[in-house]
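Working notes for the structure below.
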Amino acid sequence: MALRARRPRVSESKPAILDLEAGCGLPESIRGFHAAMKSAEVVRRVRRNTDLIIVPGAMALAAQTVDQIHSAADMGSTIILETAIAFGNAREFAGQRRILSREFGIEIESPIDLWRGAVGSGLPYIEYKRPLVFVRDFGHAVPVVATGDQALAAVQNFTVAASVPFGPGKIIFLGSPLGPVLLAGDREGAHWLSSQALQALVD
């Protein structure tokens, strides 16, 4: 009797876009992710067994949000955490930096202005990996400490996205906002996002 090759598991759960309400610093980012992933549901609380969770435009990470990310990662979920803290003040940056380090082991550095000094050499693009795409930047970015395969995107010699294993799941930290460029119809960004979504659903 011939053995059949094992097929990867494909989840039927819908991706969730977590609306942080007052904690979201880029409301247009929610619309951008939803435009790129029409099957996703915009929610204020994530249901159990949701394989892909997107947290757009995080300016403030409340205790409830941190708990939801912990619970989802414990269930094996992939969480795409997009920060908007590059547009916050010093107090807000310090608070998010502390939470990311303490709760998720993610170390970030001070925001950078990508357009400063870039006029002569052209506006910068974010170079994403797996798959390799070049996405228009959103002006400012937050570098993240990552090495090897954890580094997912770079611009101007700074790593600005990372994939961090977290329990059975993982957190994909985006230091350069992706949602707003998705809202503008960036095809490269949409392609990269769909590949991450597919990977989360078959893992």
query = Are Glu41 and Arg47 within salt-bridge range, i.e. N to O under 4.0 Å?
reply = yes
Discussion item. Hydrophobic clusters here meaning ILVMFWY residues chained together by side-chain heavy-atom distances under 4.5 Å, can you tell me if Val164 and Ile53 are in one?
Written reply: yes
* To do: Using the rule that two of Ile, Leu, Val, Met, Phe, Trp, Tyr join whenever any of their side-chain heavy atoms come within less than 4.5 Å, decide whether Leu182 and Leu52 are in one cluster.
  => yes
Mark yes or no for whether [X], through its side chain, and [Y], through its backbone, hold a donor-acceptor pair below 3.5 Å.
{"X": "His191", "Y": "Val133", "answer": "no"}
{"X": "Ser77", "Y": "Thr50", "answer": "yes"}
{"X": "Arg130", "Y": "Asp149", "answer": "yes"}
{"X": "Gln68", "Y": "Val46", "answer": "yes"}
{"X": "Gln156", "Y": "Leu114", "answer": "yes"}

Using side chain to side chain contact (heavy atoms under 4.5 Å, CB included), reason through Ile171 and Ile106 one step at a time and then give a plain yes or no. CA-CA 9 Å; Ile171 298 174; Ile106 297 173; 4.0 Å; yes
Quiz question: by atom type and distance under 3.5 Å, do the side chains of [X] and [Y] form a donor-acceptor pair?
{"X": "Glu82", "Y": "Ser29", "value": "yes"}
{"X": "Gln96", "Y": "Thr83", "value": "yes"}
{"X": "Glu107", "Y": "Ser101", "value": "yes"}

Interatomic distance, CZ@Phe134 vs OH@Tyr128, rounded to 0.5 Å, equals 12.5 Å
Value for CZ (Phe93) from CZ (Arg98), rounded to nearest 0.5 Å, stands at 11.5 Å
Are the side chains of [Y] and [X] in contact, using a 4.5 Å heavy-atom criterion?
{"X": "Val55", "Y": "Ile80", "answer": "no"}
{"X": "Ile172", "Y": "Leu81", "answer": "no"}
{"X": "Phe87", "Y": "Phe138", "answer": "yes"}
{"X": "Leu152", "Y": "Trp192", "answer": "yes"}
{"X": "Tyr125", "Y": "Asp137", "answer": "no"}
{"X": "Leu178", "Y": "Phe33", "answer": "yes"}
{"X": "Leu20", "Y": "Leu18", "answer": "yes"}
{"X": "Ile30", "Y": "Val42", "answer": "yes"}

### Step-by-step side chain to side chain contact (heavy atoms under 4.5 Å, CB included) determination, Glu103 to Leu100
CA-CA 6 Å; Glu103 299 291 344; Leu100 290 172; over 6 Å; no
Walk me through whether Met37 and Leu193 qualify under side chain to side chain contact (heavy atoms under 4.5 Å, CB included). CA-CA 9 Å; Met37 295 193 67; Leu193 178 63; 3.6 Å; yes
Surrounding CZ of Arg44 (heavy atoms of other residues, nucleotides or ligands, distance under 6.0 Å), is the total greater than 12? no
Quiz item: So with a 6.0 Å cut-off around CG of Asn89, is the heavy-atom count from everything else above 12?
Solution: yes
Residues Pro168 and Ala73: closest non-hydrogen pair is CD-O, 3.3 Å
